[in-house]
Amino acid sequence: QVQLVESGGGLVQAGGSLRLSCAVSGRAFSMYHMGWFRQAPGKEREFVATIDWSGRNTYYPDSVKGRFTISRDNAKNTVYLQTDDLKPEDTAVYSCAAKASYYTGTRFYTDTDYEFWGQGTPVTVSS
């Protein structure tokens, strides 16, 4: 069984930064394609970022491109989401997700693509 545990969320002022972490245990981390999603109150889950097993390929939607950076450390079984220039509309619960795949590149952009999920970490951005 694969377990994902997020950390690093919190309260930050607009323009600030947070670094979210997702620790993965249970199976070989390097075989997983990883994603970050977020869900604001009353809204549907939204794709935020994805990274392939190699760490060399990433993809972001326009809403966060240039402000968020996904990365991974396969030696530490951890994926990160650096969030910069945060805006009040970034307020949400952020969750990481994993999909077993050695596909090189990025093509997993929807929540139904992913097999395993963490509980999420809340991010609140005040104006």
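The figures here come from the full heavy-atom set of this structure, side chains too, leaving out hydrogens, waters and symmetry mates.
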Worksheet item: Can you name the closest pair of heavy atoms from Tyr102 and Ser30 and give their distance?
Response: CE2-O, 3.7 Å
Worksheet item: When you measure from the side chain of Thr83 to the backbone N and O of Leu18, does any donor-acceptor pair fall under 3.5 Å?
Response: yes
Worksheet item: Hey, is the main chain of Val125 close enough, under 3.5 Å, to the side chain of Thr91 for a donor-acceptor pair?
Response: yes
Item to complete: Side-chain contact test, heavy atoms from C-beta onward, threshold under 4.5 Å: evaluate it for Ile70 versus Tyr60 and give yes or no.
Response: yes
Practice prompt. Kindly work out whether a path of hydrophobic side-chain contacts (I/L/V/M/F/W/Y, heavy atoms less than 4.5 Å apart) joins Val79 to Phe108.
Written response: no
Worksheet item: Hey, are the side chains of Thr50 and His33 touching, using non-hydrogen atoms and a 4.5 Å cut-off?
Response: yes
Worksheet item: So do Tyr80 and Asp73 actually touch side chain to side chain, heavy atoms under 4.5 Å?
Response: yes
Discussion item. Would you compute the distance between atom CD of Gln3 and atom CD of Gln119 and round it to the nearest 0.5 angstrom?
Written reply: 10.0 Å
Practice prompt. Please confirm whether Arg45 makes a cation-pi placement over Trp117, using NZ or CZ under 6.0 Å from the six-membered ring centre and within 45° of the ring normal.
Written response: yes
Worksheet item: Given Asp52 and Arg107, is the salt bridge (charged side-chain N to carboxylate O under 4.0 Å, His left out) satisfied, shown in steps?
Response: CA-CA 9 Å; Asp52 72 355; Arg107 64 178 181 185; over 6 Å; no
Worksheet item: In Å, rounded to the nearest 0.5 Å, how long is the span from CZ of Arg19 to CG of Asp84?
Response: 11.0 Å
Worksheet entry | Same cluster (ILVMFWY, side-chain, under 4.5 Å), Met34 and Phe68 | yes
Worksheet item: Less than 4.5 Å apart, any side-chain heavy atom of Ser17 and any of Gln82?
Response: yes
Item to complete: For this output row, return yes or no: ring centroids of Trp53 and Phe29 closer than 6.0 angstrom.
Response: no
Worksheet item: Quick one: are Tyr32 and Val2 in side-chain contact, heavy atoms under 4.5 Å?
Response: yes
Response to the item:
Contacts of Asp113 meeting side-chain hydrogen bond (donor to acceptor under 3.5 Å, both in side chains) (sequence neighbours excluded), chain-then-number -> Thr110
Worksheet item: Are Leu81 and Leu4 co-members of a hydrophobic cluster defined by side-chain heavy atoms under 4.5 Å apart?
Response: yes
Worksheet item: Is a salt bridge present between Asp62 and Lys65, judged by a nitrogen-to-oxygen distance below 4.0 Å?
Response: yes
Discussion item. Within this structure, what is the OH-CG distance for the pair Tyr94 and Leu20, rounded to the nearest 0.5 Å?
Written reply: 7.5 Å
Discussion item. To the closest 0.5 Å, what do you measure between OG (Ser25) and CG (Asn77)?
Written reply: 8.0 Å
Discussion item. Testing the basics here: between Pro88 and Ala14, what is the closest heavy-atom pair and its distance to 0.1 Å?
Written reply: CD-CB, 4.2 Å
Practice prompt. Look only at the side chain of Arg67 and the backbone of Asp85, and say whether a donor-acceptor pair between them is shorter than 3.5 Å.
Written response: yes
Fill in: Mutual orientation of the aromatic rings belonging to Phe47 and Tyr59 [parallel < 30°, tilted 30-60°, perpendicular > 60°]
parallel
Item to complete: Could I get the full list of side chain to side chain contact (heavy atoms under 4.5 Å, CB included) partners for Glu46, not counting sequence neighbours?
Response: Arg38, Ser63
Worksheet entry | Side chain proximity check, Ser21 to Glu6, heavy atoms < 4.5 angstrom | no
Discussion item. Using 0.5 Å steps for rounding, measure from the CG atom of Asp90 to the OG1 atom of Thr124.
Written reply: 11.0 Å
Discussion item. Working to the nearest 0.5 angstrom, can you tell me the gap between Thr106 OG1 and Ile51 CD1?
Written reply: 10.0 Å
Fill in: Within the 6.0 Å centroid threshold, strictly below: Tyr114 and Phe37
yes
Item to complete: Is it possible for you to say whether Val93 and Val64 belong to one hydrophobic cluster, with membership spreading through side-chain heavy-atom contacts below 4.5 Å?
Response: no
Worksheet item: Do Val5 and Val48 belong together in a cluster built from hydrophobic side chains that touch within less than 4.5 Å?
Response: no
